[in-house]
**Q** 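Sharing a structure, written as structure tokens. Questions coming.
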Number of protein chains: 2
Amino acid sequence: MLLTQSCMIGIRAALAVSVQGKDDIEAYRPIRQIADALDVSFHFLTKILQVLTHAKIMESYKGPNGGVRLAKPPEELFLIDIVEAIDGTSVFSTCLLGLPGCGVETPCPVHDEWAKSKDQIERLFRETSLAKLSDDTCEKLLRF
Amino acid sequence: MLLTQSCMIGIRAALAVSVQGKDDIEAYRPIRQIADALDVSFHFLTKILQVLTHAKIMESYKGPNGGVRLAKPPEELFLIDIVEAIDGTSVFSTCLLGLPGCGVETPCPVHDEWAKSKDQIERLFRETSLAKLSDDTCEKLLRF
DNA sequence: AAGATTTAAGAGTCTGTTGTCAGAAATAGT
DNA sequence: ACTATTTCTGACAACAGACTCTTAAATCTT
């Protein structure tokens, strides 16, 4: 698996918040409600969203009518921001064979080929915004 | 991380055996010797090579002058064989967001883009033989 | 002020991966 | 036969990730 379970849920939660925030971007969405929509554990999702809140990707508010919302407009939030906050950047920087210091000067036997795939994946995460994802999701009625 | 630690070591070990077997493909290479070459734990490597032996990727022989060797010529062994034996195929078949049943009919919001990267990675594993890797390794004096 | 709602934080459990170790089984050489 | 060498097997400890639960803190409503 490329991403951890936590990270996959984090992305889906951010997407859910983004979709729900289309009409009112200021409103806070209760974590309980998001957990129901994604069909994941409320407590577990709470933990994940705490990380995104600390990373300034989301903002939270306690009490009645509280919840979480995006800290920035979805056009300025990219998948890589969420992945970095939860899983770190190692996915895009580590050698396929786990050799330390694998790079252009001291490549491993699969470095060149893997670099191409790695770059493509990294570009996918770096260029895909929550805005694009939520637009696609609404337009094509996709699940998340 | 795309591959588990075990899988990365398994690939490196297979490559080491393939490189050492260039002069005498029949000979068995002691696990201890491979472990030293890769700088990994002997006992841990033993566990990993047992899996590859059970998967008919390698053959083993006990006693003095014993060890492991490739069960087939390196031209017929591909990275995907090792990955499937140790990690399974899930890497190439799972949805990026972990949604069950994600596919062409019921795609997740990132399905199409991820499918491209996934196909490229799978092709890399499916088309790269141990023979090619060990040739490259010897030719360019790469480490493993 | 009191009570209900909702996130925050920390402790704890469970599971799978990583890694270690000791003893058994097989083989070669003497 | 005996000994040294080497893989095989199963048990186990250490760790990280996944997930649960309880209590605290903040906020709104009445």
Side-chain angles (χ1 to χ4, degrees), chain A residues 1-13 17 26-71 83 85-88 90-91 94 98, chain B residues 1-13 17 20 26-71 83 85-88 90-91 94 97-98:
Chain A
M1 253 186 323
L2 189 69
L3 305 176
T4 63
Q5 189 73 8
S6 299
C7 191
M8 295 190 292
I9 293 177
I11 292 174
R12 292 170 60 205
V17 170
E26 301 272 317
Y28 291 96
R29 312 290 163 182
I31 298 179
R32 176 85 58 184
Q33 184 182 310
I34 303 170
D36 288 346
L38 301 185
D39 196 31
V40 300
S41 151
F42 163 70
H43 289 291
F44 189 35
L45 181 59
T46 297
K47 274 289 159 60
I48 297 167
L49 292 181
Q50 273 175 31
V51 175
L52 294 184
T53 302
H54 284 147
K56 303 277 172 62
I57 292 172
M58 293 198 179
E59 289 167 348
S60 66
Y61 198 80
K62 295 176 187 175
N65 304 318
V68 296
R69 70 181 182 193
L70 299 181
V83 174
I86 299 178
D87 278 359
S90 57
V91 177
T94 56
Chain B
M1 251 186 324
L2 188 70
L3 305 176
T4 64
Q5 191 72 10
S6 300
C7 191
M8 296 190 293
I9 293 178
I11 293 174
R12 292 171 60 204
V17 170
Q20 292 187 316
E26 301 272 317
Y28 291 96
R29 312 290 162 182
I31 298 179
R32 177 87 56 184
Q33 185 181 312
I34 304 169
D36 288 346
L38 302 185
D39 196 29
V40 300
S41 151
F42 163 70
H43 290 289
F44 190 35
L45 180 59
T46 296
K47 271 288 165 60
I48 297 168
L49 291 182
Q50 271 175 34
V51 176
L52 294 185
T53 302
H54 284 146
K56 302 279 172 61
I57 292 171
M58 293 198 179
E59 290 169 348
S60 65
Y61 198 79
K62 295 176 187 174
N65 303 320
V68 295
R69 70 181 183 192
L70 299 181
V83 173
I86 299 178
D87 279 357
S90 57
V91 177
T94 55
L97 300 183

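Keep in mind that the numbers below use all heavy atoms, side chains included, and drop hydrogens, waters and symmetry copies. Since the model is a prediction, treat every value here as computed from it, not as a measurement. Chain identifiers are assigned alphabetically (A, B, ...) following the order of the sequence lines, protein sequences preceding nucleic acid strands; residue numbering begins at 1 within each chain.
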**Q** Any chance you could measure B/Glu26, atom CD, to B/Leu70, atom CG, to the nearest 0.5 Å?
**A**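 Output value for this atom pair is 11.5 Å.
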
**Q** For the pair made of CD1 in A/Ile48 and P in D/dC19, what is the distance, rounded to whole Å?
**A** 8 Å

**Q** What residue among A/Ile34, A/Leu3, A/Ile48 forms side chain to side chain contact (heavy atoms under 4.5 Å, CB included) with A/Ile9?
**A** A/Ile48

**Q** Give me the atom names and distance for the closest heavy-atom approach of B/Ala13 to B/Leu45.
**A** CB-CD1, 3.9 Å

**Q** What string of B, S and - do you get for nucleotides 20-30 of chain C, 5' to 3', when a contact is any protein heavy atom under 4.0 Å?
**A** BB----BBS--

**Q** Take the protein atom CG of A/Asp39 and the nucleotide atom P of D/dC19, then report the distance between them rounded to whole Å.
**A**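 Checked: the CG to P distance equals 12 Å.
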
**Q** Strictly below 4.0 Å, heavy-atom distances to any atom of DNA chain D: list the hits from residues 1-12 of chain A, or just say none.
**A**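 Heavy-atom cutoff 4.0 Å gives A/Thr4, A/Gln5, A/Ser6.
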
**Q** Between C1' on D/dT7 and CG on B/Leu45, what's the gap in Å once rounded to a whole number?
**A**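 In whole Å, D/dT7 C1' and B/Leu45 CG are 12 Å from each other.
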
**Q** Using whole Å, report how far CD1 of B/Ile86 lies from C1' of C/dG19.
**A**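 Rounded to whole Å, this separation is 15 Å.
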
**Q** Which atom pairs, one a donor and one an acceptor, fall under 3.5 Å between side chains of residues 50-63 of chain A and the rest of the protein, sequence neighbours left out?
**A**
from, atom 1, to, atom 2, distance (Å)
A/Thr53, OG1, A/Leu49, O, 2.8
A/His54, ND1, A/Gln50, O, 3.4
A/Glu59, OE1, A/Arg69, NE, 3.0
A/Glu59, OE1, A/Arg69, NH2, 3.2

**Q** Could you check how far CZ of A/Arg32 sits from P of C/dA8, rounded to whole Å?
**A** 14 Å

**Q** Five pairs at each end of the helix from C/dA1-D/dT30 to C/dT30-D/dA1: take the axis at both ends and give me the angle between them to 10°.
**A** 0°

**Q** Just grab all the salt bridge (charged side-chain N to carboxylate O under 4.0 Å, His left out) pairs involving residues 30-52 of chain A, residues at least two apart or on different chains.
**A**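 For residues 30-52 of chain A: none.
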
**Q** How many Å lie between CD on A/Gln33 and P on C/dT5, as a whole number?
**A**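 Value for this atom pair: 15 Å.
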
**Q** Enter the distance from B/Met1:CE to B/Met8:CE here, rounded to the nearest 0.5 Å.
**A**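 The CE atom of B/Met8 is 5.0 Å from CE of B/Met1, to the nearest 0.5 Å.
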
**Q** According to side-chain hydrogen bond (donor to acceptor under 3.5 Å, both in side chains), who are the partners of B/Thr4, at least two apart in sequence or on a separate chain?
**A**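 B/Asp87.
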
**Q** Rounded to whole angstrom units, what separation is found between the CD atom of A/Gln50 and the P atom of C/dA11?
**A** 13 Å

**Q** Can you find a pair of side-chain heavy atoms, one from A/Val83 and one from A/Ile11, that are under 4.5 Å apart?
**A**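 Yes - at least one pair of side-chain heavy atoms lies under 4.5 Å apart.
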
**Q** Could you tell me how far apart B/Asp87 (CG) and C/dT18 (C1') are, to the nearest whole angstrom?
**A**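 Rounded to the whole Å, the gap is 13 Å.
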
**Q** When you measure from the side-chain N and O atoms of B/Ser60 to the phosphate of D/dC8, is any distance below 4.0 Å, counting only OP1 and OP2?
**A** yes

**Q** At what distance, to the nearest 0.5 angstrom, does CD of B/Gln5 lie from CD1 of B/Ile86?
**A** 11.5 Å

**Q** Can you confirm whether A/Phe42 sits close enough to A/Ile31 that some side-chain heavy atom of one is under 4.5 Å from a side-chain heavy atom of the other?
**A**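 In short, these two side chains touch, coming nearer than 4.5 Å.
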
